[in-house]
Amino acid sequence: MILKVAGVTGWPVHHSLSPLIHNYWLKNTKITGAYTMFAVHPNEAVYAFKSLKRTTISGINITSPLKAKAFEAADKMTNDAEKLGVCNVLYKSGDMLIGHNTDMEGFLGPLIETVGPQFVLNNTAVIIGAGGAARAVLGALLSVGAPEIIMINKTDERVEKLVSQVNVPSLYALPWAQRENAIFGAGLVINATSAGMHGKAPLDINLEYMQPGGWVYDLIYTPHKTVLIKQAKKYGLNTIGGLGMLIAQARPSFKLFYGELPPIGIGVHALVKTHLKSLK
Ligand code: NAP
């Protein structure tokens with residue numbers, strides 16, 4: 001029997017929830033596998049990742065700040081990784097190290113499941129942020145044909161650069177000072193910034209004039225209910241938190257490491273939620 005070994009790497013990595021999720025899935029399958037964590041210093045990361053080819057490790061997830069290093073180390077990229085310029089998964093295929101990114105799929109899964117494709121196709125979406133997560137959200141919304149996407153970011157130059165690189169007619173940026181105008185009438189607002197995370201100041205945005213019945217999707221999952229989600233509820237808007245995405249982006253990597261998708265409906269969402277509550 002072959003033991004399939006995978007894990008997550010980052011610097012630091014101890015905060016990662018991936019071992020909790022993957023080991024829970026493993027426990028509920030017949031796979032002989034293990035999932036662990038490896039701390040890798042950024043200066044050593046490319047060498048360490050390339051060396052995976054000389055080990056029996058099936059693959060790894062990559063968290064901050066090593067996602068660009070993983071991209072550099074890969075022999076070949078999937079389309080999703082190529083689009084985003086960063087990898088959150090490295091896996092082996094023959095003698096090749098393949099770089100992949102599951103964030104687009106992870107973002108889209110809970111959105112389409114909850115909101116439905118028609119809503120996305122009939123509403124203006126606002127993406128807040130211009131980092132790796134915002135790029136994944138943008139890639140996902142473009143892939144489903146969102147008709148109008150407005151991007152805003154605290155540092156205007158960063159989002160302007162991103163929008164001009166992507167250069168599609170349905171996408172434009174507005175200055176941070178005009179964020180109220182961006183939000184006005186929008187059906188879908190996505191927080192892809194780190195503002196509102198546990199220990200950080202909440203996102204400075206007013207959702208009052210979003211379209212009634214609109215959706216607010218906050219990618220943050222610690223805390224479970226962010227100040228932004230609470231504000232959305234106050235205005236009667238619908239909400240999606242970041243936990244669903246966290247689990248949805250882990251699912252395809254499990255398949256790449258262990259050869260099959262993890263079981264569904266076995267309470268992984270509740271497990272992670274309980275774990276996060278216990279950290280307070
Ligand atoms: P990143 O590349 O470091 O980008 C951070 C973004 O946050 C930048 O756009 C930055 O704006 C913005 N920002 C930081 N502080 C801000 C503030 N006080 N007000 C407004 N904007 C602020 O990070 P990332 O990888 O994109 O991740 C962003 C968030 O998404 C993180 O909280 C992460 O946990 C979450 N995420 C969740 C999942 C999931 O599975 N649920 C997956 C990926 C990411 P500037 O450019 O102006 O600095």
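Position 1 is the first residue of the sequence, and the numbers go up from there. Each ligand, and each atom within it, is numbered from 1 in the order the structure gives.
- Contacts between Ala192 and ligand 1, counted as non-hydrogen atom pairs separated by less than 4.0 Å, involve the backbone only.
- For atom 6 (C) of ligand 1, the choice among Thr193, Ile190, Thr63 with the nearest heavy atom turns out to be Thr193.
- For ligand 1, the polar-atom distance check finds no N/O of Tyr221 at less than 3.5 Å from any of the ligand's N/O atoms.
- Ionic pairing of Lys53 and Asp75 is present here: one or more N-O contacts between side-chain nitrogen and carboxylate oxygen are shorter than 4.0 angstrom.
- Under the 4.0 Å criterion applied to side-chain N and carboxylate O atoms, Asp204 and Arg179 are assigned as salt-bridge partners.
- When the heavy-atom distances from atom 11 (O) of ligand 1 to Asp204, Asn153, Leu243 are ranked, the shortest goes to Asn153.
- In summary, the atoms of ligand 1 found under 4.0 Å from a heavy atom of Met197, numbered by their order in the structure, are 32 (O).
- For atom 26 (O) of ligand 1, the nearest protein heavy atom lies under 4.0 Å away.
- Residue Lys154 touches ligand 1 through backbone and side chain together, judged by heavy-atom distances below 4.0 Å.
- In terms of polar-atom proximity, defined here as any N/O pair under 3.5 Å, Asp103 makes no such contact with ligand 1.
- Near Ala133, meaning under 4.0 Å from any of its heavy atoms, are these atoms of ligand 1: 24 (P), 25 (O), 26 (O), 27 (O), 28 (C), 30 (O), 44 (C).
- The shortest N or O to N or O distance between Ala195 and ligand 1 is not below 3.5 Å.
- The distance criterion of under 3.5 Å between nitrogen or oxygen atoms is met by Leu219 with respect to ligand 1.
- Exactly one of Thr226, Thr239, Asn206 qualifies for a side-chain contact (heavy atoms from CB on, under 4.5 Å) with Gln231. That residue is Asn206.
- Ligand 1 has no N or O atom lying under 3.5 Å from any N or O atom of Ile220, backbone or side chain.
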